[in-house]
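Report on the following structure.
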Amino acid sequence: MTATTTTTGPEPSASPGLSKPVGDPPLLEVRNLTVTYGGTVPAVRGVDLRVEAGQKLGIAGESGCGKSTLALALLRLLPAAAKLTGEILLDGEDVLTMKWGRLRAVRWAGASIVFQGAMHSLNAVHRVGDQIAEPILLHNAKATPGGARRRAGELLEQVGLPAARAQAYPHELSGGQRQRVMIAMALACDPRLIVADEPTTALDVMIQAQILRLIEQLVADQDVGLIMISHDLAVLADTCDRLSVMYAGRVVEEGPARQVYAEARHPYGRALSAAFPRIGDPASRRAPRGLPGDPPDPAALPGGCTFHPRCPVALDSCATEDQELREAGGERRAACVLVDAPAADDSRSTS
Ligand code: ADP
Ligand code: MG
């Protein structure tokens, strides 16, 4: 069952003017987005992204690379100490300059977020059905409590849980069931864009696969756009159409998901691919092969290419020369000086 075929509840909140005819701007276009915490911590540095309706964009990177900061920035959910510059165009309308009332309308209904760690994101003292009903009531003046509760039940069924589970409290559900509730909540107002920040990280591999298939199915049924964030490149390659790899607050590689996973052109992309086997691969999770250390603290970024201290193939010039994204073959773009030296790079990229 999909949201477009459910009829018993109140109409989900009307799109707040976000539906536009074909030929108009992409669903989401992020231009040169920067986020700086407290004036000194540049957690996101000049990111460009684009997502069309029905498209699934994966954002990969180790912990601390700025992925959650980017996700929260999309709906201006960051603390006041975070300063944002650039543009976040949702159907052509800049989220960064929206008035508060408009922003409230866009949250949930224009775009919604499935957060990392469902246990902490759900309210422990309220039944999950009431928590799903809440955004429906908030966003639709005509919704009644009874209608919103019925709709919550339908949404639970849509994500593979019996409607009766609406009566449960979060602690009565398993981790996978809680994550399904989070997804039902994200769907409650028929958003056009869903942002899923590490939606399966806390789950075991079998449940993880089920949740990923569920998200894929919902995106296909409802023609929404999806941004899926994970440190696990294999998960993203399985689920998404396109991939952006983030390092130290920047996109350092982007392109079709399978190409980036199979033959990344940036040494960081290659290290991430090597670190994560595909779901179902008997090999267990392992630390990034040949990639010691951690991403840099954004408050103390190294000069030159920020990846150079960990890069297995760095040149002397990488310590002083920063690199922009550039064409890297096969629709990929990568921010690495070696992309311009195909002969030398090819010998390393095939393994
Ligand atoms: P990821 O989701 O990729 O793990 P985050 O966006 O959570 O990365 O964090 C990126 C960087 O921003 C980290 O160095 C983190 O310490 C810093 N950071 C995150 N939130 C805050 C905050 N509220 N104040 C200051 N720094 C923060
Ligand atoms: Mg995160």
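Whatever order the structure lists them in is the order used to number ligands and atoms, beginning at 1. Keep in mind that the numbers below use all heavy atoms, side chains included, and drop hydrogens, waters and symmetry copies. Counting from 1, the numbers follow the sequence of the chain as shown. Quick caveat: nothing in here was measured; it's all calculated off a predicted structure.
Tested against Arg192 for a side-chain contact (heavy atoms from CB on, under 4.5 Å), the candidates Leu27, Val106, Leu90 yield a single pass: Leu27.
Side-chain contact of Glu62 with Tyr247: a donor-acceptor pair under 3.5 Å is absent, judged by distance alone.
For Asp297, no nitrogen or oxygen atom sits less than 3.5 Å from a nitrogen or oxygen atom of ligand 1, counting backbone and side chain alike. At a 3.5 angstrom cut-off on N or O pairs, Ala43 does not count as close to ligand 1. Close N/O approach between Pro79 and ligand 1 is not found [any backbone or side-chain N/O within under 3.5 Å].
Contact check for Leu57 versus Ser244: side-chain heavy atoms found under the 4.5 Å cut-off. Under the 4.5 Å side-chain criterion, counting only non-hydrogen atoms from C-beta, Leu28 is in contact with Ile227.
Judged by the shortest distance from any of its heavy atoms, Gly38 lies outside the 4.0 Å radius around the atoms of ligand 1. Look at Gly61 and you'll find every heavy atom at least 4.0 Å from all atoms of ligand 1.
Each of the atoms 4 (O) of ligand 1 lies under 4.0 Å from some heavy atom of Ser63. The ligand atoms of ligand 1 that sit less than 4.0 angstrom from a heavy atom of Glu62 are 3 (O). Proximity to Pro298 (heavy-atom distance under 4.0 Å) selects the following atoms of ligand 1: 11 (C), 14 (O).
Taking only non-hydrogen atoms, the option from Gly66, Gly249, Ala60 nearest to atom 10 (C) of ligand 1 is Gly66. Selection from Thr69, Val41, Thr36, Ile229 by nearest heavy atom to atom 6 (O) of ligand 1 gives Thr69.
One finds no salt bridge joining Arg102 and Asp94 here, because no Lys/Arg side-chain nitrogen approaches an Asp/Glu carboxylate oxygen to under 4.0 Å. For the pair Arg31 and Glu29, the salt-bridge criterion is met [side-chain N within less than 4.0 Å of a carboxylate O].
At a threshold of 2.8 Å, the Mg ion (ligand 2) has a backbone or side-chain N, O or S atom of Ser68 nearer than that distance.
Nearest heavy atoms, Leu233 versus Gly269: CD2-O, 3.8 Å.
Of the protein's non-hydrogen atoms, the one nearest atom 7 (O) of ligand 1 is Ser68 CB, 3.8 Å. Of all protein heavy atoms, the one lying nearest to atom 19 (C) of ligand 1 is Tyr37 CE1, 3.5 Å. What sits closest to atom 1 (P) of ligand 1 on the protein, heavy atoms only, is Gly64 N, 3.4 Å.
Between His266 and Tyr268, the ring-plane angle classifies as perpendicular under the 30° and 60° cut-offs.
Distance check on atom 21 (C) of ligand 1: some protein heavy atom falls below the 4.0 Å cut-off. There is a protein heavy atom less than 4.0 angstrom from atom 3 (O) of ligand 1.
Residue-environment remark: CG (Asp316) stays at or below the threshold of 12 foreign heavy atoms within 6.0 Å. Counting heavy-atom neighbours within 6.0 Å of Arg104 CZ, excluding the residue itself, gives a total of 12 or less.
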